[in-house]
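Here is the structure we will look at, set down as structure tokens.
Hydrogens, waters and symmetry mates play no part in the numbers below; they use all other heavy atoms, side chains included.
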Amino acid sequence: MSFKAAAVQMCSGVDPVKNAAAMARLVHEAAAQGATYVQTPEMTGMLQRDRAAARAVLADEAHDIIVKTGSDLAREFGIHMHVGSTAIALADGKIANRGFLFGPDGRILNRYDKIHMFDVDLDNGESWRESAAYTAGSEARVLSLPFAEMGFAICYDVRFPALFRAQAMAGAEVMTVPAAFTKQTGEAHWEILLRARAIENGVFVIAAAQAGRHEDGRETFGHSIIIDPWGTVLASAGATGEAVIVAEIDPAAVKAAHDKIPNLRNGREFSVEKIAGAVAGGVAA
């Protein structure tokens with residue numbers, strides 16, 4: 001059956017309490033528009049480059065305000081509430097970049113820890129070492145919901161198509177990619193990567209994003225987006241500021257896309273052999 005999905009765009013700051021209030025206000029708006037599944041961005045609870053300051057306000061899952069607020073909102077509106085991710089303190093002193101999906105009764109139906117750590121050096125001088133503070137996840141899941149089979153990813157995961165293909169092969173119809181893409185990488189790759197994951201797997205993609213200039217000085221790309229299995233953009237937001245975008249998701253469109261181009265069924269196993277290139281006197285045998 002079809003359902004109405006919302007992606008909530010935020011500009012999270014350094015205070016989890018303020019960010020929880022902003023999330024609640026935007027989710028209220030999404031529910032008022034009829035959304036029964038609502039997704040927030042990566043790091044909904046806090047964007048803070050100062051790791052010492054971040055650790056000072058982090059909480060474990062049982063005491064995290066974003067987790068509590070997400071559960072309360074799901075129960076209040078009777079929706080499936082997806083906190084794209086938030087920073088969760090772990091017992092070993094590290095942090096999990098963890099997403100939560102809450103059912104309409106407020107219970108946690110799924111947790112997903114971001115698998116691929118954003119360890120990069122960009123040409124504009126930005127350098128990120130997510131693995132220095134965060135513990136990478138190691139488990140992908142496809143969750144059977146009353147309205148769709150749902151797969152999970154977070155931000156940098158979108159650059160690893162094998163994750164999405166594995167979930168599609170396991171039956172995922174909707175892929176979720178909450179994110180806090182940098183402005184530079186977003187301008188270059190955000191939409192094309194998300195549309196590629198939708199097209200090559202014949203699935204819907206829902207990606208709520210952080211947007212604009214944040215309190216810690218970073219700038220994120222925004223442009224939250226919802227894409228159908230044919231790669232068509234159903235809804236999108238702007239580059240900065242808060243927003244709520246909504247689209248109708250019909251899982252029957254997934255079957256239709258797979259019937260047209262059955263690449264999930266047509267895939268074949270193959271080997272890769274590395275051979276020498278041209279050599280003097282001709283081509284290597």
Side-chain angles (χ1 to χ4, degrees), residues 8 10-27 37-77 79-119 128-143 145 150-157 163 176-180 208-210 214-216 218 220:
V8 167
M10 298 178 65
C11 186
S12 295
V14 299
D15 183 349
V17 175
K18 291 181 180 177
N19 296 329
M23 176 178 73
R25 173 170 43 78
L26 291 163
V27 171
Y37 163 84
V38 181
Q39 180 192 128
T40 68
E42 179 184 27
M43 287 296 152
T44 291
M46 177 175 53
L47 281 173
Q48 171 61 279
R49 297 187 73 163
D50 183 328
R51 287 177 176 161
R55 289 180 189 278
V57 297
L58 283 182
D60 61 20
E61 186 178 303
H63 300 93
D64 183 80
I65 188 169
I66 297 296
V67 174
K68 181 182 185 306
T69 304
S71 174
D72 290 346
L73 290 168
R75 190 181 305 108
E76 178 182 357
F77 296 111
I79 60 174
H80 283 82
M81 174 69 207
H82 183 181
V83 172
S85 87
T86 197
I88 297 293
L90 302 177
D92 63 1
K94 278 208 167 187
I95 307 167
N97 186 344
R98 181 170 295 168
F100 297 87
L101 183 69
F102 301 92
D105 59 0
R107 289 186 307 113
I108 296 173
L109 301 181
N110 187 59
R111 297 171 178 83
Y112 172 73
D113 287 359
K114 184 178 181 180
I115 292 174
H116 300 98
M117 298 288 95
F118 191 55
D119 291 353
W128 302 92
R129 290 293 179 273
E130 199 169 28
S131 63
Y134 290 85
T135 296
S138 59
E139 185 177 83
R141 290 179 176 172
V142 174
L143 184 64
L145 295 170
M150 184 169 286
F152 298 84
I154 296 173
C155 201
Y156 190 48
D157 283 335
L163 172 62
T176 60
V177 195
Q210 295 281 358
H214 298 264
E215 284 182 297
D216 71 346
R218 83 182 73 195
T220 52

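- A donor-acceptor contact under 3.5 angstrom links the side chains of Tyr112 and Asp157, judged on distance only.
- What you find for Asn97 and Ser85 is that their closest heavy atoms are OD1-OG, 2.6 Å.
- With hydrogens and angles left out, the side-chain atoms of His82 and Thr40 include no donor and acceptor closer than 3.5 Å.
- Sparse packing is recorded around CZ of Arg107, with 12 or fewer heavy atoms of other residues, nucleotides or ligands lying under 6.0 Å away.
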Practice item. Just do the salt bridge (Lys or Arg N to Asp or Glu O under 4.0 Å) check on Asp92 and Lys94 with the steps written out, would you? Key: CA-CA 6 Å; Asp92 63 1; Lys94 278 208 167 187; over 6 Å; no
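- Between Val67 and Ile108, the closest heavy-atom pair is CG1-CD1, 4.5 Å.
- Residues Ile95 and Leu90 are not in side-chain contact: their nearest non-hydrogen atoms beyond the backbone lie 4.5 Å or more apart.
- Judged purely by atom type and a 3.5 angstrom limit, Gln210 uses its side chain to pair as donor or acceptor with the backbone of Met43.
- In this structure, the side chain of Arg111 does not engage the main chain of Phe100 through any donor-acceptor pair within 3.5 Å.
- Closest approach of Ile115 and Ala140 over heavy atoms only: CD1-N, 4.3 Å.
- Inter-residue side-chain proximity for His80 and Val38 is flagged as unmet; no heavy-atom pair is nearer than 4.5 Å.
- There is no side-chain donor-acceptor pair under 3.5 Å between Gln39 and Thr176.
- Listed here is the closest heavy atom pair of Phe152 and Leu163: O-CD2, 4.4 Å.
- For the pair Asn19 (side chain) and Gly45 (backbone), a donor-acceptor distance under 3.5 Å is present.
- Proximity of a side-chain donor or acceptor of Asn110 to a complementary backbone N or O of Leu101 within less than 3.5 Å is not detected.
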Check your understanding: Ser12 and His214: side-chain hydrogen bond (donor to acceptor under 3.5 Å, both in side chains), yes or no, with the steps?
Key -> CA-CA 7 Å; Ser12 295; His214 298 264; 5.9 Å; no
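- The backbone N or O of Asp50 sits nowhere less than 3.5 Å from a side-chain atom of Arg55 that would complete a donor-acceptor pair.
- Pairing each heavy atom of Ala74 with each of Phe102, the nearest pair is CB-CB, 3.7 Å.
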Exercise for review: Please assess Lys68 against Asp64 for the test salt bridge (Lys or Arg N to Asp or Glu O under 4.0 Å), listing each intermediate value before the final yes or no.
Suggested key: CA-CA 6 Å; Lys68 181 182 185 306; Asp64 183 80; over 6 Å; no
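- The shortest heavy-atom contact between Cys155 and Lys114 is CB-NZ, 3.9 Å.
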